[in-house]
Amino acid sequence: MAWIVRLVKTEADGEERCADVMKIDRPDDLADIADLGLTLAEGKLLLAGLQQEIVAAQARSHAVRRPDCRICAGVCHVKDYRDHAVATLFGQVTVRLPRFRCAGCGGIEAGIEWPSHCRSTPELDQLQAHLSALMPYRVAADFLEQMFPVDAGKDPETLRRRTWKIGEVLRNDAAARPETTAPAIVVTLDSTFIRSCEDGERHLEVRVGNVETESGGRQVFGAVAKADTDIKVLIRRSLDAVGRTEDTALTAFTDGCSGLRRILADAGVTGTPMLDWFHIAMRLQHLKQIANGLSADDPARAAAKAVIVEEVERLHWRLWNGKAKDAQISIDRIRAVMHHFQGEQGQRKSIAPSRKLWTALHALDGYLTGQSDWLVNYAERHRAGLRVGTAITEGTANFLVNRRMNKSQQMRWSQRGADLLLQVRCAVYNGTLGSGFGQRFQPANDPHPQAAIAA
Ligand SMILES: [Zn+2]
């Protein structure tokens, strides 16, 4: 069997114009399920054929428009035609448009309302950036080529260039202010590291964070340290985007880094940031696991292990209940019995648990000593229904940074490249990446998207 796909253009005056787009040959028996309907290759050809016809018709209509001379306002005549190659999601098209010469003064007009510098459509740029935000440039390029009749700009370098360009636009984008204001906002700021390809630097520091309101409004932000994006500007813009006003109560959480606390203060989050319980809990969890792994192969060790397991529990209780000053008591009690594990063998080639415990304990001790000013009574906050931290931060860091830029993927990043890609990833997460950037897409993660869409 065969089909002809014919495109019929209807004019305002009722006139019709036909063009055959494609002939499709398919078997008429269904013995092979692979013969059912169209193949991907045929689908791509069909889309490309439709695109060519529609673009050609649009160019024909556009070409009849005559500009007035900018110099003498005289009448313009067609001088010659120029082909403009434009990459679209449905293939490369050639837009054939006239150039004009003024009959009066001889001046040359390029044509009217045509962005002659454009080499691709915004929709293609946006999709390329969106996919590049989620997967490596090469994979994104392959994926687009698999799915769409994209025959231009499918080079990974092109995707990288367009993604960076969109990242730059997003960085300078103004905040979309919602109609509703937020009485309270929780701000979290954290940092993580990615591998660097810059000379003399092994890692790049990436700062990520989010702002959240009680009604569920949420925005994430991120920037590579020392790159061109000012994280303080991003924080202020995120606060505005979820409805900050002069009366909004701001609560901040961060990990122990003093640099992050300074950034928050500089961004106008002036209240003392609390140490995120999440960071403490992670360290305690680590300590508990090690304590439980200690050997109890003689009575002295069994007794010492029991003391350590109990003291780690007590340490947890003390930190949770705002008694960080007493943490030292627990740490000293653990140290006092640790000699029982001297000579403990690690299983196979792994380090002995007692050795790990010593290291983890030392790290926690140092951490708490430096952080005592930012530890609060987490239990009291929790009972009052207040936040003690945001485990979300870890998820945010994972989504924004690790899944695309992680060390395990063996990728090395330039400061600028990572920073601009991060702007696009944040926009994908926030649902603010749209073609033309004026359009706000429904965010995938936001349970209350209306606030973000308004404005
Ligand atoms: Zn003229």
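No hydrogens, no waters, no symmetry mates; every other heavy atom, side chains included, goes into these values.
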- Candidate pair Ser132 and Arg160, rule side-chain hydrogen bond (donor to acceptor under 3.5 Å, both in side chains), full reasoning: CA-CA 7 Å; Ser132 298; Arg160 184 198 310 268; over 6 Å; no
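- Atoms CG and CZ, on Leu433 and Arg425 in that order, are 12.5 Å from each other to the nearest 0.5 Å.
- Atom OG of Ser330 and atom CZ of Arg318 lie 4.0 Å apart (nearest 0.5 Å).
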- Message: Does Leu294 form a side-chain contact (heavy atoms from CB on, under 4.5 Å) with Phe341? I'd like the steps, not just the answer.
- Response: CA-CA 8 Å; Leu294 287 169; Phe341 297 94; 3.9 Å; yes
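- In this structure, the side chain of Gln52 engages the main chain of Gln92 through a donor-acceptor pair within 3.5 Å.
- Taking 4.5 Å as the limit, some side-chain heavy atom of Ile24 sits within range of a side-chain heavy atom of Arg26.
- For Asn321 (side chain) and Lys323 (main-chain N/O), no donor-acceptor pair under 3.5 Å exists by modelled atom type.
- Contact annotation: the side chain of Thr248 never approaches that of Thr181 to less than 4.5 Å [non-hydrogen atoms, C-beta and beyond].
- No donor-acceptor pair under 3.5 Å is formed between the side chain of Glu212 and the backbone N or O of Gln219.
- With values rounded to the nearest 0.5 angstrom, Asp125 atom CG is found 9.0 Å from Thr163 atom OG1.
- Donor-acceptor pairing under 3.5 Å is recorded for the side chains of Tyr429 and Arg218.
- Figure legend: Arg335 and Trp358 shown as a cation-pi pair, the cationic atom lying under 6.0 angstrom from the six-membered ring centre and within 45 degrees of its axis.
- Lys305 contributes a side-chain N or O that, together with a main-chain N or O of Asn292, makes up a donor-acceptor pair within less than 3.5 Å.
- Cation-pi geometry between Arg207 and Phe193 is not met at under 6.0 angstrom from the ring centre and within 45 degrees of the axis.
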- Step-by-step side-chain contact (heavy atoms from CB on, under 4.5 Å) determination, Val233 to Phe221: CA-CA 10 Å; Val233 172; Phe221 54 85; over 6 Å; no
- Show your reasoning for whether side-chain contact (heavy atoms from CB on, under 4.5 Å) applies to Thr121 and Leu89. CA-CA 8 Å; Thr121 56; Leu89 186 50; 5.5 Å; no
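- Using modelled atom types and a 3.5 Å distance limit, the side chains of Lys288 and His316 yield a donor-acceptor pair.
- Side-chain contact check for Leu315 versus Leu287: some heavy-atom pair is nearer than 4.5 Å.
- Between Ile280 and Leu375, some side-chain heavy-atom pair lies under the 4.5 Å cut-off.
- Counting heavy-atom neighbours within 6.0 Å of Arg70 CZ, excluding the residue itself, gives a total of 12 or less.
- A donor atom on one side chain and an acceptor atom on the other are found under 3.5 Å apart for Asp332 and Gln328.
- Under the 4.5 Å side-chain criterion, counting only non-hydrogen atoms from C-beta, Val424 is not in contact with Leu420.
- Here the straight-line distance linking atom CG of Asp276 with atom CG of Leu189 works out to 11.0 Å at 0.5 Å rounding.
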- Query: Could you go step by step and tell me if Arg381 and Thr251 meet the side-chain contact (heavy atoms from CB on, under 4.5 Å) rule?
  - Reply: CA-CA 12 Å; Arg381 282 187 66 84; Thr251 308; 3.9 Å; yes
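- In summary, the side chains of Ser196 and Gln415 do not present any donor paired with an acceptor at a separation below 3.5 Å, with no hydrogens or angles considered.
- There is no side-chain donor-acceptor pair under 3.5 Å between Thr94 and Asp83.
- Between Tyr378 and Trp320, the ring planes are parallel. Angles under 30° get that label, and only those over 60° would be called perpendicular.
- In this structure, Arg237 contributes its side chain and Asp173 its backbone to a donor-acceptor pair below 3.5 Å.
- The backbone N or O of Asp247 sits less than 3.5 Å from a side-chain atom of Thr245, completing a donor-acceptor pair.
- Considering only heavy atoms from C-beta on, Glu214 stays 4.5 Å or farther from Ile185 through its side chain.
- Contact annotation: the side chain of Leu284 approaches that of Trp277 to within less than 4.5 Å [non-hydrogen atoms, C-beta and beyond].
- Without hydrogens or angle criteria, Arg119 side chain to Val86 main chain gives no donor-acceptor distance under 3.5 Å.
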- Task: Dump the intermediate steps for salt bridge (charged side-chain N to carboxylate O under 4.0 Å, His left out) on Glu380 and Arg383, then the final yes or no.
- Result: CA-CA 5 Å; Glu380 196 177 86; Arg383 281 193 297 272; 5.2 Å; no
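- Asn430 contributes no side-chain N or O that, together with a main-chain N or O of Thr432, makes up a donor-acceptor pair within less than 3.5 Å.
- Between the side chains of Arg162 and Gln128, a donor-acceptor pair is found at a separation under 3.5 Å.
- We find that Arg333 and Glu310 are not joined by a salt bridge, their nearest charged nitrogen and carboxylate oxygen being 4.0 Å or further apart.
- A donor-acceptor contact under 3.5 angstrom links the side chains of Arg171 and Thr229, judged on distance only.
- Put simply, the side chain of Asp419 never gets that close to the backbone of Ala223: no donor and acceptor are under 3.5 Å apart.
- Between His279 and Asp190, the side chains place a donor N or O and an acceptor N or O closer than 3.5 Å (distance only, hydrogens not considered).
- Atom CH2 in Trp413 sits 10.5 Å away from atom CG in Leu204 (nearest 0.5 Å).
- The side-chain tip of Arg387 does not point at the ring of Phe253 from less than 6.0 angstrom away and within 45° of straight on.
- With Arg301 contributing its side chain and His340 its backbone, the two residues share a donor-acceptor pair below 3.5 Å.
- Between Glu205 and Lys226 the shortest side-chain heavy-atom distance does not fall below 4.5 Å.
- Note that OG1 of Thr254 is 11.5 Å distant from CZ of Arg262, once rounded to the nearest 0.5 Å.
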